[in-house]
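A note on names: the letters A, B, ... follow the listed sequences, proteins ahead of strands, and every chain is numbered from 1. On a predicted model such as this, the values are computed, not experimentally measured, just so you know.
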Amino acid sequence: MGIAEFIQGLTVQVMSIAWLLFLITWVIGWAIKGSPIPIHRVKRTGQSLVEDAVLAAFWMALGSSIFALISYITSSIYQPMPPPPQP
Amino acid sequence: MTNADVLLLAMDLAILTYVIGVLIMALPIPYTGFKRWGVRLIADGISAAVLISIFSIIITLGDLLLGNLNVSWPSFHSWLAARTAVLVAVFTALTYLTSALKATPYAFITSPINIALTYVSLALSSLKVIYFLSSLVSNLRNELAALGILLYSIPFRVGRSVGAFLIAASIVMYVGFPLMPAFIAQFQPSNLEQFRGVIRIQGKVVDFLYHRVPYPLMYFYSAEGGEEPLGVIIGDRNGTFTIGGGKDILPREFKFMTEVGFMGYYFSTEPSYISSNESTVVLRVPSLIYSPGLALLKPRDVRVEDYIECNGVLSVVLIGDEDFNDLVLARLANTTVTEVTVNDEVFSCSWNHFEWNGIDIEICEIKPNDVGAGKLNVTVKYIPTGYVKPAVDEHRITYIESVSELLLTYISLGIAYVYTFIFLPGVYVTFLVTMSAALARVFGGRARIRLI
């Protein structure tokens, strides 16, 4: 296995773990937020966990699109340079 | 691994950085400081992807800037070669100066010259560094940029600083090195040009009939008189010799009387001197007629009416207003003379042998009977041989009066050389490194160049 395949495999694994963590965080966040604890600070922690989890899911879902967009934009702005002016 | 492979690997690392950032964001740990790392890594992944995508633009940018500035790498390389040649010439000149002064009462001067030699060696070393850096940048620019992007893409900003520096250096140094000649020319002191005007005179020794005289022993005397020669120099097999050009210590203006030693005799020349006004000189020996391995020595005022030399026969018709008393035939000991005729009569030569500077020479005085003034036809049949180099130690010209002046010139030149060959390139390379670090900060690197 080459280093490229290793990095790609690692990326897939990290992404799977990230999706799993998103679910866990989302669930924990809602659990804290919905728990019958009358402390505002705890509720706010639950809220922030839910927000972070949703943001993480958003960036994860958008990941491949972002990289594709970068490649598209750079390939479209890269035109062969004109020859330098001759004195 | 090609550049494309490196860039693919960098793209994989950029995606991994992005995914790790997302993973950190998704962690159920409610610490803002920790979560901020997730955002940072996502941004790093995106910026690395942008850099990977604009790799071709980075490379083309360097070429475009070079073209716009009207400089090129081949001209830079030829400039470097010219500077190396100058340094090597100075090194050689100083080495000769040291060896020339060793045998004189001014030998103590060799100590500062050795210091100057150290500086020249230092300048050569600095030139070597520039050679190394410039060839690294010109040959491996694409690889450096690709490696920089790869390092830039490693997660957790491990190689971000050095990666950004490499990318910046691949642009700045690629454009900057060919601009070095213009930078140095701007600050180069003018007295460096003086050194290129070192006196060098090339001379040629010919006989009465303008045949080249091989291995002439050149004696140079002061024009003011003096029995001791200022220098003794051996010409080459074609009769050419060189004085100056770093081999001799000569005054700015001079006039040396000349004398030529050849086959055991010492001859005056036409012209009788060489001066600093000429760069080439032809010294004619009017008393000598040379054939391979054989020489006819005649009085200076005797003219030659006819001359034939072919297949081992030398035939000369001489015209003189007085008696031909001083006519001498000289030959190398290994040159066989089969017959000598004077005015169509066979002349019996009595050869006298003597050794001159390791060369065995036989001479025969031609004293024809009842000739008086008029015409004399001398014909010699012989087997030609090559002339050998006399075993004499050369004594290069060291004009003591000009040593102090020369020393001052060398010291000021030395300072100029240290300034131009060590200080200015050093400043310029530092300038390039600083520019690269500044551009690296634009790419997001945080490399700090501490010069002091």
For this session: Write down the atom of B:Pro28, the atom of A:Ile28, and the distance for their closest heavy-atom approach.
Result: CB-CD1, 4.1 Å
For this session: Would you name the heavy atoms of B:Leu23 and A:Ala18 that are closest together and state the gap between them?
Result: CD1-N, 3.7 Å
Answer with side chain, backbone, both or neither: which region of [X] has an atom nearer than 4.5 Å to a non-hydrogen atom of chain B?
X: A:Thr45; result: side chain
X: A:Ile17; result: both
X: A:Leu10; result: both

Look up atom [atom1] in [X] and atom [atom2] in [Y], then write down how far apart they are to the nearest 0.5 Å.
X: A:Ile66; Y: B:Ile46; atom1: CD1; atom2: CD1; result: 4.5 Å
X: B:Ser53; Y: A:Phe67; atom1: OG; atom2: CZ; result: 9.5 Å
X: A:Met15; Y: B:Tyr18; atom1: CE; atom2: OH; result: 8.0 Å

Problem set entry | B:Tyr131 atom OH: more than 12 heavy-atom contacts under 6.0 Å | yes
Within the structure provided, determine whether [X] and [Y] are in side-chain contact (heavy-atom separation under 4.5 Å).
X: B:Met11; Y: A:Ser71; result: yes
X: A:Thr25; Y: B:Leu27; result: no
X: B:Met25; Y: A:Phe22; result: no
X: B:Asp12; Y: A:Thr11; result: no

Exercise. Where do B:Val19 and A:Gln13 land on the side-chain contact (heavy atoms from CB on, under 4.5 Å) test, with the steps shown first?
Worked result: CA-CA 10 Å; B:Val19 172; A:Gln13 283 176 13; over 6 Å; no
